[in-house]
Chemist: 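Input: one structure, supplied below.
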Amino acid sequence: MIKLKKLFNILIIATFLVASSTFIFAQKSYTIVLDAGHGGKDPGNLGNGFKEKDIALKVARIIGEDLEKHAYIKVLYTRDEDVFIDLWKRGDIANTAKADLFVSIHCDSHTSSAYGAGTFVLGLRGNKKNLEIAKRENAVILLEDNYKEKYVGFDSNSAESVIGLSLLQEENLDKSLEIASIIQNNFANKLKRLDRKVKQDNFQVLRETIMPSVLIELGFLTNRSEGAFLDSNSGQKQMANAIVQAIESYVDHLKLNTVKASSRSKVTAKEVKSDFVTNTDIEFKVQIASGRNLISTESHNFKGLKEVQRVEVGLYYKYYFGNTAQYKEVVESLKTAKQKGFVSAFIVAFKNGEKISISEANKME
């Protein structure tokens, strides 16, 4: 009888902990915008009689259908039929949706027999317009009710706010390069396509977006063999699957470093008792920016945020705020960072200086 009672109690505690963890780590939804290039009156390139607009749309649809199988992924299309969409409108769709990733699908052409798949991110020449769009998008804050209370210190024309947007732009480039590299790796290693590498260029459609964005050239329609492959159901499925797997890996990485700040506060440490012991080697921080720019951590460079920490990681610098061993404290720091205008800020966790998942850190807290 005693053993049965003990087992019953363990089951109750386990059930409660599972329910609590599900509540605490409510799954964030990630919005992916798929942009099938060209369409309608714009057929794209017509190498060997193949139509770029049709191939791009078919591949985008396959990608979308596979991604939508995940409850935590929301897919939007700039077009899901054969219609013409202005380039500025494609970016506007993604910006309005506050998308986490923008993926534009195209097919290449050349006067030679060139072949192979390539992926592009925004080049340096496009950064100025991209920054102006980001400033315009953020200026909408001024139209919101009580914006002074919600976005303390925000000024769309101030030097500090421009610096913040520049850092966001750098962070978006980092993330764009990350997803582009995964895509290219899948093309080259899994599909054995000729690797035309990740490159930076000044594509208009990428200049219009203010989130991580990539443009994919599936291959060359002007190469008869490659064009036939891309025009086939098998070829389209293979290319789409490689892209899907890359996006899934990218989102999995985002999930490890992102947590909803609103739900944890509803469950206090006193309400959940477990055998986990306090580990003073656990650190929570808010990552507010990353990029190649070496920026002084003085508060005026970060919209008034004090005690910003800069960490060098390879060729990049990451900027953290609100270092603490307590999760509930870092949640408040996240709120502060977002109020200051760092809307892409997120919580990260470390153990003995090594990055770990938020869920793992909370178990050790």
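Position 1 is the first residue of the sequence; numbering continues from there.
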Chemist: Looking at L87, V103, I85, V205, which hits side chain to side chain contact (heavy atoms under 4.5 Å, CB included) with D35?
Modeler: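 That would be V205; it is the only one of L87, V103, I85, V205 passing the side chain to side chain contact (heavy atoms under 4.5 Å, CB included) with D35.
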
Chemist: Once you round to the nearest 0.5 Å, how far does CE of M239 lie from CD1 of I183?
Modeler: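 Taking CE in M239 and CD1 in I183, the distance rounds to 10.0 Å.
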
Chemist: Is the shortest side-chain heavy-atom distance between F302 and F342 below 4.5 Å?
Modeler: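 Yes, their side chains come closer than 4.5 Å.
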
Chemist: Any non-hydrogen side-chain atom of T324 less than 4.5 Å from a side-chain atom of E283?
Modeler: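 No. Closest side-chain heavy atoms not under 4.5 Å.
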
Chemist: Do V348 and I356 make a side-chain contact, defined as non-hydrogen atoms from C-beta onward lying under 4.5 Å apart?
Modeler: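 No, side chains not in contact.
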
Chemist: Quick test of your reading: applying ring pair (Phe, Tyr, Trp, His ring centres under 6.0 Å), list the pairs with at least one residue in residues 84-121, sequence neighbours left out, ordered by first then second residue.
Modeler: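 Qualifying pairs: H38-H106, F120-F203.
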
Chemist: Is a side-chain N or O of T209 found less than 3.5 angstrom from the main chain of L206, in a donor-acceptor match?
Modeler: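 Indeed, once roles are kept as given, a pair shorter than 3.5 Å links the two residues.
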
Chemist: Using a distance-only test with no angle check, is there a side-chain donor-acceptor pair under 3.5 angstrom linking S333 and E329?
Modeler: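 Side chains of S333 and E329: no pair found under 3.5 Å.
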
Chemist: Ignoring hydrogens and angles, state whether a donor on the side chain of K197 or Q184 is under 3.5 Å from an acceptor on the partner side chain.
Modeler: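 Absent: no donor and acceptor within the cut-off.
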
Chemist: Do other residues, nucleotides or ligands put more than 12 heavy atoms under 6.0 Å from E307 CD?
Modeler: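 Open: at most 12 neighbouring heavy atoms sit under 6.0 Å from CD of E307.
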
Chemist: Can you find a heavy atom in the side chain of N48 that is under 4.5 Å from one in the side chain of L221?
Modeler: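 No, every pair of side-chain atoms sits at 4.5 Å or beyond.
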
Chemist: Is the shortest side-chain N to carboxylate O distance from D82 to K53 below 4.0 Å?
Modeler: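 Between K53 and D82 there is a salt bridge, with a charged N closer than 4.0 Å to a carboxylate O.
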
Chemist: In plain terms, say whether K335 and E332 are close enough for a salt bridge, that is, a side-chain N and a carboxylate O under 4.0 Å apart.
Modeler: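 A salt bridge links K335 with E332.
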
Chemist: Of all residues at least two apart in sequence or in a different chain, which pass the ring pair (Phe, Tyr, Trp, His ring centres under 6.0 Å) check with F187?
Modeler: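 Ring pair (Phe, Tyr, Trp, His ring centres under 6.0 Å) check on F187 returns nothing, list empty.
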
Chemist: Does any part of the side chain of K190, heavy atoms only, come nearer than 4.5 Å to the side chain of Q245, both counted from C-beta?
Modeler: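 A side-chain contact under 4.5 Å exists here.
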
Chemist: Yes or no on side-chain contact (heavy atoms from CB on, under 4.5 Å) for L34 and I105, after CA distance, side-chain angles and deciding distance?
Modeler: CA-CA 8 Å; L34 299 177; I105 311 295; 5.7 Å; no

Chemist: Do T119 and E217 have side-chain heavy atoms sitting under 4.5 Å apart?
Modeler: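 No, their side chains stay 4.5 Å or more apart.
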
Chemist: Answer with yes or no after comparing the ring centroid distance for F350 and Y320 against a 6.0 Å cut-off, counting only values under it.
Modeler: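 Yes, they do, as the ring centres are separated by less than 6.0 Å.
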
Chemist: A side-chain contact here means heavy atoms from C-beta on lying under 4.5 Å apart; do I347 and V331 qualify?
Modeler: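 SC-SC contact between I347 and V331 confirmed.
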
Chemist: For residues I55 and V244: do they belong to one hydrophobic cluster (side chain heavy atoms under 4.5 Å, members Ile, Leu, Val, Met, Phe, Trp, Tyr)?
Modeler: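 Both belong to a single hydrophobic cluster.
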
Chemist: Let me confirm one number: the CG-NZ distance from N95 to K89, rounded to the nearest 0.5 Å.
Modeler: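 If we round to the nearest 0.5 Å, N95:CG and K89:NZ are 10.5 Å apart.
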
Chemist: Got L46 and K51 here, is their nearest side-chain heavy-atom distance under 4.5 Å?
Modeler: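 Side-chain contact under 4.5 Å: yes.
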
Chemist: Where is the tightest heavy-atom contact between S296 and R310, given as atom of each residue plus distance?
Modeler: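 For S296 versus R310, the nearest heavy atoms are CA-NH1, 4.0 Å.
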
Chemist: So, taking the atom named OG in S213 and the one named CD1 in I179, what distance separates them when rounded to the nearest 0.5 Å?
Modeler: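 Between S213 OG and I179 CD1, I get 11.0 Å after rounding to 0.5 Å.
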
